Amino acid sequence: MNEMLIIMKSELLITIIIFLLLFIKLGKGMTNDSLLILVQFLMLLNFIAGFFFNLPGNLFDGMYHTGPLIAFQKNILNLGVYLISLLFADWFRKSEHLTEFFILLLSALLGMFLMISSGNLLMFFLSLELATIPVAALANFDLDKKKSSEAAMKFILSSAFSSGILLFGISMVYGATGTLSFELLPAQLNGNPLQVLAFVFLFAAFAFKLSIVPFHLWTADVYEGSPVAVTAFLSVISKGSVSFIFLTALYKVFQPMNELWYNMVMILSIATMITGNLFALRQQNIKRFLAFSSIAQLGFILVGISSNALEGTSSVVYFVLIYVFSNLAAFGVTSVISSRVGKENIDEYRGLYQTNPFLCWVMALALFSLAGIPPTAGFFGKLFLLTAGASKANYTFIIIAALNMILSLYYYLKVIRAMFMEKNEKPIEKIRLYPSVKLGMVICAIGIILTGLLSWVFDYIQSLH
Amino acid sequence: MNLLLLILIPLFTAIAVLLMRNPQHIKWVALTGATTQFITALWLLLAYQNERAAGNHFQMLFEQRYNLFTSWHISFHLGVDGISTAMILLTAFVVIAGVLVSWKMTKMTKEFYFLLILLSLGAYGFFISLDLFILFFFLEIAVIPKYLLIGIWGSGNKEYSANKLALMLMGGSALVLVGLLGLYFNSPERTFDLIRLSEIGISTETQKICFPLLFIGFGVFTALFPFHTWVPDGHSSAPTAGSMFLAGISMKLGGYGCLRVATYLMPAGAKEYANIIIVLSSIAILYGAFTTLMQKDLKYMNAYSSVSHCGFVLLGISMLTKTSMTGAVMQMISHGLMTALFFAVIGMIYERTHTRQINEMSGLLKVMPFISTIFFIVGFCSLGLPGLSGFVAEMTIFMGSWEHPDAFHRIATIVACLSIVVTAVYILRAIGKTAMGPLKEGYANLTDASWNEKLAAVILVAGIIAIGCAPFWLNNLVGPDTQLIMQKILLTQ
Amino acid sequence: MPNVTYITLIPLLPMAGFIMLGIFGRKYFKNTSGIIGTVLLLISTMLAIHTAYGYFFEYGKLDGIYQKMIPLHYTWLEFSKGVSIDMGIILDPISVMMLVVVTFVSLMVHIYSLSYMKGEERFPTYYAFLGLFSFSMLGLVLSSNIFQIYIFWELVGVSSFLLIGYYYNKPNAVAACKKAFIVTRFADVGFLIGILILSFYAGTLDFNLLIQKLTSPEASEFKNAVTTSFLGLSGLTWGLILVFIGGAGKSAMFPLHIWLPDAMEGPTPVSALIHAATMVVAGVFLVARLFPVFSMSTTALNLISYVGIISALIAAIIACTQTDIKRILAFSTMSQIGFMMFALGVSGFGGENGIGFTASLFHLFTHALFKALLFLCAGTVIHYIHSNEVKDMGGLRKYLPITHISFLIACLSIAGIPPFSGFFSKEEILLAAFQHNIIIYFAALITSGLTAFYIFRLYFHIFWNKPAIVKSDHKREGGLSMILPLILLSIGAAVAGFIPFGHFVSSDGSTLENTLHIEFSIAPVILGLTGIFAAMWLYLKQNNRPQKIAASMSVLYNIVYRKFYIDELYLFVTKKILFKLVGRPAAWFDKNIVDGLVNLTGNATEYISNKIKVVQSGKVQQYAMYFLFGIIGLAVLFIYIWK
Amino acid sequence: MIQPGLYQILFISTALFFIGIYGFFTRRNLITILMSVELVLNSVNLNFIAFNKYLWPNRLDGVFFTIFIIAIAAAEAATAIAIIINLYRSHQSIDVENAEEMKY
Amino acid sequence: MEGSTIIFYMLALLSLLSAVLAVTTRQIFRAAIYLLFSLIGIAGLYFWLQYEFIAAVQIVIYVGGIVVLIIFSIFLTQATGEKLPKQKYGSQLFAVLAAFCGFTVTVLQLFKYSFKQTDLPHVEPTVSNIGNMMLGLTENGYALPFEVVSILLLAAMVGCIVIALKNKSLKKV
């Protein structure tokens, strides 16, 4: 029993925090500022706790399992949530339902944890829903903004649709194999057409969560309409967690059909990169822009996933770690500007460097990292994804991926250009950052630079297997 | 000699620059860093030659290796041979001159010097790394500083140029990346180590796939026709020091890569594709020269002439003879010094006359004899006057190319030879219009070079003359290593 | 044995002068630079004479044959085994002879310029450039390696460029120096390729080895070179022709001569030195240097002869109509070099056969003296009149007596009137031509008559014709420094013909007796005298005969006056063809096609991205529909198509 | 008529599924769209039950799955309706075409 | 022809037909009622399959919960008598096409597949069995999913409350 508590420690911690927040809410409540500090503190504790007492194990008849790699993945997500609690202080302070916000956020996080740990399609489905439905509610948290409810509506409907698809796929898998367990499934899979069909349904649901073309269409609208914090959560934490479980699903569960999914991943990866980039190219709204760019990033993750090897897992996990830093930094800057000045257009960023060099450098670092420019960690991340993907010696694929890096560089540079090069009579005025935001940005910046240069990070991830 | 110094000095300089506030101090810090680096480079040359003289016959000297990303078998492997020593020397020359030339930079001084030093860091790292991954890392490090240098401090259609440059260079490096990955996965053992890869050999099929990727990829950096269009725009929009770095150092990264990575590792591939590259580089040489002829803007002119001159580098490499490869390396050094100086001079002139249009200037010799004299010298170097470095390099390439007795190579060589006439035409045209002729009205009060500009010019001229008058030391420095590359090529059937 | 240090110092002293004056001249030697340069060159000249004396009379001969000596040899740049550019010194009759000529004429010019160029703002620079030129020219003649000669060849070209463009603020001078450089550069490409070809066959760049390998019929290199053929000519011939093109460019042979008349925009002493006496004969020197190899290829030699004679004839004809004093002299130079060239062309190798060779170099020698003299005289005249146009001159014999006499001597010499030096050398050339090729001989005869005519036309124009219009304010003939060279050169021009040249210089180093056949000389001398009298009739007194004659043959006259429209042809080729048909399309191509493709990629991307935006319609149902289509597509693809 | 069995039920559930999807695609009222989703989920439930009944009665996986799906459907519907009501407040309409502000 | 077969087909017809009507009728209230019928039909099928517990859950939660919720929300947001706007033919065509294609592919594959059957002993879906397993921790235990769902419902509740009860603040502003 004790052992079980330790094994499920991260989930339990989150649950405890959720209930703590619930009691605070039910009690007399707290001011936003103190609550925020409390939450930040708790998240930090939670993050730190993630490094200790990690026990691998299998619980509930294999429905739940964990190991060093999964623990590390959860730590990445914890880190992301901690950073979110730091970076979006501007928005949090104005929010009226901060407690509920974090309750929902943490429920979703809990769902993700369970999802990563799930060893069974039922658990997977349930935790996926747990990770989705609260987020849909969160997307509506800019209660007085039309766009926010529109985003939430689109999100909940799309994900309901995708749940339907997923369930249909699961039901077919169940019918064809008689089992839902990740352990037992591989033995039953033989790649006959029905299984392929079932796999396509399942795959599509994953693809939906990962915003892979052509299942990505909800992404941009939802990102644009949601509060920045939710967008960041969706684009970083949610994507990260789904890629982790996707790895397990492909490498472990559907291993017998790896030829099939390799091709599928390849096609969709190419489509995703190209589409994401092409759409990102012409965005003016920075959130939308980041949405499409993150779609393209997901295409890259698929490149890594396609390798079907140890390197694939490590490079994806590594990339997600870097992605947490980079994308959160970018969203952090966006959020500061959007909640202070209400400007979200790239054009309005012109001349920002004259007034806010710190923000600009953070943004630049983040974007360079996303674009894969050394010495930022994104360079290593992308390179390892490509390296992993290249192990199949499919050069066309890799060349397309590499060329897409250029395309993506083009639009990242657009933002850089606006901030650094273009002149503006009335640039955004100087913004004094909250300490926590500054702290978050510094952490991100350090992460962006050091995660790559300190090569043992990758080796450590590799060793977790 | 610890090669890490070559990376650490610019790194610390860059950090120091970031920490400074007073622009005046920043300049001095940057200059100190560049000078230290310059001395280190000279020291490296001496140490290298001593070591060789003492009979050290390892292929690479001063090797160091630190494991990095062990799971990918990547290591931080450093080492130099004659070619890289020469390239480092070139970089040191250009960097110090670049820092000196931009002494009067007032706009965002800190960022400017930071980026310059970062760029040089990339170049140094590139030249000393023996691990392809690290090499690629440094190659890419050098791209974004260029973009920002052009975009923030540039002139003209700078944003367009900066974009084009960054994207095309990234495109090149993307190809390089794919090529490197191909090598990595298709060699008998997974390694990025240059020396190891050359020892274990790469199968011919792989070479046939990877060679074009790597060569074209690096070729983009070296203005391989038809991937050269970033050169004119990029160079002409960049600030003076930016152009100097761009043409003097950055384009050499590509040439070095073509030689050290593509040709050295994949001799069979090099043989397979040599003819195509010869055709392309011959076109670049002559076509670049003719295009230069039509330019009216000094910077554009020099940029296009760089296309032509870098065509020599690629021609030399793809001719696959020891002499021509030596010539290619010499041409890289020579062109690096020369074109940096050229841009420096153009910058000086522009600073005073506020125009770069050839037709709008006249008689500058009268009011700025020093600058004009340098202009003459660099022009003569460009058109291959004996006693200056350009001649030595070009002749070595010609001699090397001529070693192939068949008509194809002959024609390519002759085409290349013909370009020196065209070069003469455009150089003389530029000099004749700007430096010579009656003094234009309103120019009477222009001043000659200031101390920093003089110093920068003198340093570069010294380099040019040192090679031009005594090419043997460079030949001896580079020759054995090109010989080594040649041996590998000869060994493949 | 030769003293290497001395010989090395001969070129290095002027070089030292160049560096010193070039870098510090403007600051520290504003006024003394002329003296410094002259003194340095004086030392050089002494050393050269010392060397020549030593070579010709002390150690040069072995078994009655002058040897080629290489006292200094230093590998400068090694390409591959055996093939390297070496810096060395070769001593043989021609190089030693050239040493003397170059240093002597150069010294004369240095001295002359002391007063001629006085007061120029860039006086130190002038002397620096002169030093550079002397260095390069001396290096050229001493070269032991064919690439070394190319290096100095280029340096000579650039010094010529710098000196022609000395008056850099005169647009004409700028144009002229560019033209000179570019035209010779063009020819140099030929030279360069020629070098490549020869070195490829010989496997060496060293003159001695190269000649040895390419002339011995047993050597495999030679066989190889002769048997490979391209477009009907053997490899060797191609190499030689290309090398000759280089020589022709520098020596202003037809059709590469167009730069020479324009080069007269430079200071007159410079014209005397570079464009009359020394640099322009470099082509002749080059052919002579490689003569043993040239003699292996009849085709190449024939080409040389015809190019030479055509140049000689054309230049002489043009010279008859020009009105610029320096241009006339320039054409005359071209004509005389044509003589030297075809003399080489009609020469054989060795013994009596090699009379053309000796004659050519003899003429080179005498020509250097009298042509330098002519130019320096012209300089004095120009200095005095401040104009280059003959119509501004006339009747100057009273005002410039020394110049007058010197000029007359030079004119008689060039016209081939005995006993002046030109007579002897020209006679020998004609003899050689007569022995080998009768057509060339007759053409040469006509040319020599024309020579006499045009040179005396000039002479009468300047010194007789009409009364002098004197507006000059300064003293008559400049200082001593301007007169002294005239006198020294006049003496040279007058007596140099009596030197037994064949004793010193011959194609194979053995002694060649100068044979002077009185009966053979009658025809040319009479022709020369005819020319002189014709000139006298037309130009001694001011009259309208010349205009009448010109009017009566106006078309012809105009064609000749416009130099056969060769300049215009070149202009057409460069401006219309190179710039408009090659350069402009290349630039256009680059801007629109290559660059256009890059931009097109960008624009196409933008366009596509704009077009596909409808997919992102904002309608959640459509999103779901795409979702379903995606599934169906994947399912169909992987179930039915791609199994 | 054929004896009803697994395939018949599968046919019904698949038909239901795609009817639901059709509804999802075509309805313009958000609540009706939600209703279509419910249809879809029900078809899945039917699938699970049928498979459990006919093929894999050794465990109750299908049954439990169905139970959980029903629970989730409830949660989903509740959240969705809350969002829709909120949307109605700001848009005064629950027509899906009035909520297309964000696009391209 | 057995009675159960007839019942089966009638149930099938009921659920399919009312489902079709539910997604096509232009009166929103009727649509809800049709949905109700369809769900009841499905519940009937569960009965037919002898999964009484599931049938009961279906009726309680769906019919009693969700549909009621839906009807409430219809009342909240819509004048009941109002007809829904017509759908566009183009989008309908595509929808039919998509649904039909999907249906064809799926049904083809399902019917082509020869399903395996287990030969292990059956477990009856009785209420006690289900109840025991639902809270079982070990083998065949569904305690963890149960907890997850409970958290999910909690979260959904919190979310719904925040979203639906927001207007106090809005009115203040």
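Order of the sequence lines sets the chain letters (A, B, ...), proteins ahead of strands, with each chain counted from 1. Predicted model only: the values in this text are computed from it and were never measured.
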Sort [X] into side chain, backbone, both or neither according to what part of it lies under 4.5 angstrom from a heavy atom of chain E.
{"X": "D:Ile94", "answer": "side chain"}
{"X": "D:Asp95", "answer": "side chain"}
{"X": "D:Leu6", "answer": "side chain"}
{"X": "D:Leu46", "answer": "both"}
{"X": "D:Thr66", "answer": "side chain"}
{"X": "D:Ile33", "answer": "neither"}
{"X": "D:Phe51", "answer": "side chain"}
{"X": "D:Glu97", "answer": "side chain"}
{"X": "D:Ala73", "answer": "both"}

### Query
By ring-ring contact (aromatic ring centres under 6.0 Å, His included), which residues pair with E:Phe72, not counting sequence neighbours?
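Here no residue qualifies.
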
Which answer fits [X], side chain, backbone, both or neither, if we ask what part of it has an atom under 4.5 Å from a heavy atom of chain D?
{"X": "E:Ser38", "answer": "side chain"}
{"X": "E:Leu16", "answer": "both"}
{"X": "E:Pro121", "answer": "backbone"}
{"X": "E:Ala32", "answer": "both"}
{"X": "E:Tyr34", "answer": "neither"}
{"X": "E:Val149", "answer": "side chain"}
{"X": "E:Phe94", "answer": "neither"}

### Task
Under 4.5 Å, counting heavy-atom pairs only, tell me which of D:Leu34, D:Ile72, D:Val63, D:Thr79 racks up the most with chain E.
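The answer is D:Val63.
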
### Query
In terms of heavy-atom pairs under 4.5 Å with chain E, which of D:Ile21, D:Ile31, D:Ile83 leads?
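Most pairs with chain E among the choices: D:Ile31.
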
So [Y] and [X], do their side chains get closer than 4.5 Å, heavy atoms only?
{"X": "E:Met134", "Y": "D:Phe68", "answer": "yes"}
{"X": "D:Ile9", "Y": "E:Phe8", "answer": "yes"}
{"X": "E:Gln92", "Y": "D:Tyr22", "answer": "yes"}

### Query
Between E:Leu110, E:Thr106, E:Leu49, which shows the greatest number of heavy-atom pairs under 4.5 Å with chain D?
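Winner by heavy-atom pair count: E:Leu49.
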
### Query
Under 30°, 30 to 60°, or over 60°: which ring-plane class applies to E:Phe103 and D:Phe18, parallel, tilted or perpendicular?
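Perpendicular: the ring planes of E:Phe103 and D:Phe18 meet at over 60°.
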
### Task
Measure the acute angle between the ring planes of E:Tyr142 and D:Phe64, then classify it against the limits of 30° and 60° as parallel, tilted or perpendicular.
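It falls in the parallel class, under 30°.
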
Closest non-hydrogen atom pair between [X] and [Y], with its separation:
{"X": "E:Ile163", "Y": "D:Arg89", "answer": "O-NH1, 3.7 Å"}
{"X": "D:Tyr88", "Y": "E:Thr77", "answer": "CE1-O, 3.2 Å"}
{"X": "E:Ile70", "Y": "D:Met35", "answer": "CD1-CG, 3.7 Å"}
{"X": "D:Thr26", "Y": "E:Val23", "answer": "OG1-O, 4.4 Å"}
{"X": "E:Leu153", "Y": "D:Ala71", "answer": "CD2-O, 4.1 Å"}

### Query
Any donor-acceptor pair under 3.5 Å linking the side chain of E:Gln117 with the backbone of D:Tyr54?
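Side chain of E:Gln117 to backbone of D:Tyr54: a pair is present.
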
### Query
When you look at E:Val123 and D:Arg59, which way does the side chain to side chain contact (heavy atoms under 4.5 Å, CB included) test go after all the steps?
CA-CA 6 Å; E:Val123 179; D:Arg59 287 168 59 103; 5.8 Å; no

### Message
Aromatic contact between D:Tyr7 and E:Phe111, with the criterion being ring centroids under 6.0 Å apart: yes or no?
### Response
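D:Tyr7 vs E:Phe111: aromatic centres under 6.0 Å.
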
